[in-house]
Amino acid sequence: MMMNIFSKKSAPRLMLFFAIGVLTMPIWLDPVGANYPDLLQKFAIFGIFAIGYNILFGLTGYLSFGHAVFLGVGSYSAVWSFKLLTMNVIPAIIFSIIMAGLIAAAIGYVSLRRSGIYFSILTLAFAQMFYNLAYSVLTPITNGETGLQLTMHDPRIIDNALSRTVETGLPSTDFFGISMNGYSGFYFCAVMLIIAFYIYLKIFSSPFGMKLKGIKSNQKRMKYIGSDTRPYLIAAFVISGMFAGLAGSLMAVTDPLAGAERMQWTASGEVILMTILGGVGTLFGPLLGVGIIKYLENIFSAVNDSVLHSFYSFLPQWGENLLVTITAPFVGEGWHLTLGLLFMLTVIFLPGGVMEGFQKIKLYFQNRNKPDKSNNSSEESSNV
Amino acid sequence: MSNTVLKIENVNKSFGGLLALNNINLDIERGTVHAIIGPNGAGKSTLLNVCIGLLKPDTGEVTFNGGEKIIGKKPHEINQIGLTRVFQTPEIFPDLTLLENVMLPALSKRDGSYKLSIFKMLSKETDIKNEAIESLKTISMDDRQDVIAGSLSRGDKRRLELAMCLVQKPELLLLDEPTAGMARHDTNQTIKLLKQIKEGGMTKIIIEHDMHVVFSVADKISVLARGKIIATGTPEEIRADPLVIEAYLGGAEL
Ligand SMILES: Nc1ncnc2c1ncn2[C@@H]1O[C@H](COP(=O)(O)OP(=O)(O)O)[C@@H](O)[C@H]1O
Ligand SMILES: [Mg+2]
């Protein structure tokens with residue numbers, strides 16, 4: 001049974017496989033054309049964002065429409081740390097997580113007074129408020145439409161005190177001397193994803209995680225068996241906000257600038273799509289969702305007519321032209337169409353996301369191998 | 001320690017113009033099974049709702065264990081001081097397994113209202129798990145631990161809820177029509193279970209329609225009619241009370 005994944009022995013093994021899988025991404029993503037640092041970083045960063053989101057949405061069922069705020073807060077905090085203190089990424093990350101946690105505590109405290117659609121609307125309202133304030137009242141912090149950037153005369157107190165200054169141009173972010181450009185940037189994000197996933201796995205298999213699942217299933221019952229559900233919900237909200245803050249700071253680590261568009265509602269919507277597409281509340285679903293959406297966005301969107309022509313070149317000329325005409329709307333600029341269709345098909349036929357699809361395939365083969373044993377495990381627990 | 005577990009004093013509650021509870025006074029003694037009977041709409045569920053913090057009475061006080069004032073406390077606080085309730089429509093965790101359904105109340109009892117136990121493993125909570133399995137055994141469902149609770153039959157859901165409450169070992173257990181809407185076979189099984197847990201000495205308030213159930217498990221019976229308690233006594237006294245026979249039992253022979 002899938003539950004066994006949480007048993008004492010298999011959790012470390014799962015972690016090991018996960019770590020190997022993440023660190024070898026440049027190898028196994030090479031054949032599908034996704035092996036370049038920019039995209040690999042995105043996989044890792046949005047992976048952190050999505051698993052954090054799943055702690056709230058997947059475990060408690062509370063649908064936040066404003067989680068991009070914490071991405072933005074994370075990015076701004078990180079850039080400020082680069083400007084004021086040091087180009088070292090560690091203080092930036094810590095500062096971002098703390099700031100995102102504080103803002104999440106404030107937003108969560110208010111929004112969690114309501115549940116269901118009212119909670120969602122409250123989080124959306126907060127997100128839009130932050131987004132608009134970033135262009136107006138908060139411009140001293142956000143630098144408005146230009147976005148927050150590094151400049152030549154940033155104080156960088158710690159770097160200057162250690163006389164770690166560059167002679168020409170802007171300095172780049174580093175991890176104790178290792179520059180965060182290219183693959184080293186990816187590996188840093190990958191390690192952060194592994195640490196984040198470890199915490200995420202812990203939460204999923206802890207009594208705390210179990211209680212969050214109880215709140216999702218029947219909040220009234222949770223109260224009448226003696227649990228004060230509000231602090232649990234606030235804790236889940238803050239933790240998921242901190243994951244988003246980490247993701248936001250890593251965006252700044254790999255590219256040290258921050259703009260308000262990171263907090264727009266479309267960014268909040270994207271993480272919801274990822275989570276639902278992959279499988280809400282499942283351990284790996286959100287990561288799958290990230291993989292699919294970021295792959296479509298970055299690789300599929302680059303496919304143009306000439307790529308299609310060479311893809312179908314084994315066909316006779318008329319067949320090649322026909323297929324190119326048919327498929328062209330779905331690739332390149334049309335990748336949104338493909339994503340939309342994929343999303344609709346998933347929600348209609350696999351409400352549990354791609355993970356449910358895998359589960360169904362697995363069950364199918366299990367039943368075929370043991371035709372004598374009628375299997376009712378669809379009714380049984382398989383929450384992975 | 002006082003011998004009265006729950007003291008209900010001068011409780012009034014009205015909904016609009018309707019006086020659902022009319023100056024209720026009732027003492028529940030330690031270790032007894034106290035049944036509350038009465039026709040539909042008499043106010044029985046409302047009385048339990050007041051006792052667990054689901055409803056605030058207009059006036060009156062409910063005291064637990066001779067000191068703890070219940071009115072104004074939140075539901076989880078009332079549970080933590082030792083009152084657990086089985087609802088009239090079963091409140092279980094439909095998406096979780098039977099084992100998880102029973103582990104949660106045990107965890108909640110041990111951890112108190114709130115505990116941020118992120119770095120503990122659920123699989124290492126062997127005490128809690130054993131308690132949960134023990135509780136599933138009392139309802140003979142320990143062989144179905146991994147079944148999702150939502151797929152159970154109605155009768156089984158109600159028994160599961162009872163197991164969820166029993167695992168907390170509450171000082172006072174409140175049961176609201178535990179056999180309502182059950183088939184005969186299910187009712188008999190539940191009566192068996194109620195008799196079995198009666199031996200544990202836990203104090204219980206039970207609301208029940210089925211006279212057969214009431215007279216076989218109750219030590220004391222109170223009769224509620226139109227928001228008023230019209231009689232309290234042993235089953236024999238209630239059976240013989242002319243007021244009760246007239247008001248509730250409609251003169252029928254018992
Ligand atoms: N929340 C409520 N709002 C309005 N009226 C209520 C509410 N709860 C109960 N009542 C009314 O109070 C009376 C007693 O109800 P209840 O306590 O459920 O009776 P029963 O003895 O059948 O359990 C009924 O007339 C019912 O309609
Ligand atoms: Mg009732």
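Quick note: numbers below take in every heavy atom, side chains included, and nothing from hydrogens, waters or symmetry partners. To find a chain, count down the sequence lines: A is the first, B the second, and so on, and within it residues start at 1. Since the structure is predicted, the reported quantities are computational estimates derived from the model, not experimental observations.
- Around the CZ atom of Phe18(A), the shell of radius 6.0 Å holds more than 12 heavy atoms that belong to other residues, nucleotides or ligands.
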### Trace of the side-chain contact (heavy atoms from CB on, under 4.5 Å) decision for Lys202(A) with Met121(B)
CA-CA 7 Å; Lys202(A) 277 282 183 194; Met121(B) 291 281 279; 4.0 Å; yes

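- For Val86(B), the part sitting under 4.5 Å from any heavy atom of chain A is the backbone (N, CA, C, O) and nothing else.
- In terms of non-hydrogen atom pairs under 4.5 Å with chain B, the most contact-rich of Gly214(A), Gly209(A), Ser206(A) is Ser206(A).
- Phe208(A) and Lys115(B) make their closest contact through CD1-O, 4.2 Å (heavy atoms, listed as atom of the first residue, atom of the second, distance).
- Put simply, the side chain of Ser205(A) does not reach to within 4.5 Å of the side chain of Leu122(B), judged on heavy atoms.
- Proximity to chain A (any heavy atom under 4.5 Å) is shown, for Met103(B), by neither the backbone nor the side chain.
- Evaluation of the side chain to side chain contact (heavy atoms under 4.5 Å, CB included) rule for Ile78(B) yields Ile70(B), Lys73(B), Leu83(B) as partners, not counting sequence neighbours.
- Of the listed residues Leu99(B), Leu98(B), Thr84(B), Leu54(B), the one with more heavy-atom pairs under 4.5 angstrom with chain A than any other is Leu54(B).
- In this structure, the side chains of Lys213(A) and Leu104(B) stay at 4.5 Å or more apart for every pair of heavy atoms.
- For Glu134(B), the side chain to side chain contact (heavy atoms under 4.5 Å, CB included) partners at least two apart in sequence or on another chain are Lys137(B).
- Annotation: maximal heavy-atom pairing with chain A below 4.5 Å, among Lys74(B), Glu77(B), His76(B), Lys109(B), occurs at His76(B).
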List the atom pairs, with distances to 0.1 Å, where a side-chain N or O of residues 93-117 of chain A and a protein N or O form a donor-acceptor pair under 3.5 Å, not counting sequence neighbours.
| residue | atom | partner | partner atom | Å |
| --- | --- | --- | --- | --- |
| Ser96(A) | OG | Gly74(A) | O | 2.8 |
| Ser96(A) | OG | Ala78(A) | N | 3.3 |
| Ser96(A) | OG | Ala92(A) | O | 2.8 |
| Ser111(A) | OG | Ile107(A) | O | 2.9 |

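- Shown here is Phe15(B), whose CZ atom has more than 12 heavy atoms of other residues, nucleotides or ligands within 6.0 Å.
- Interface residues of residues 216-240 of chain A toward chain B, defined by a heavy-atom distance below 4.5 Å and sorted by number: Ser217(A), Asn218(A), Lys220(A), Arg221(A), Met222(A), Lys223(A), Tyr224(A), Ile225(A), Gly226(A), Ser227(A), Asp228(A), Pro231(A), Tyr232(A), Ala235(A), Ile239(A).
- Among the candidates Pro105(B), Ser117(B), Pro170(B), Ala149(B), the residue making the largest number of heavy-atom pairs closer than 4.5 Å to chain A is Ser117(B).
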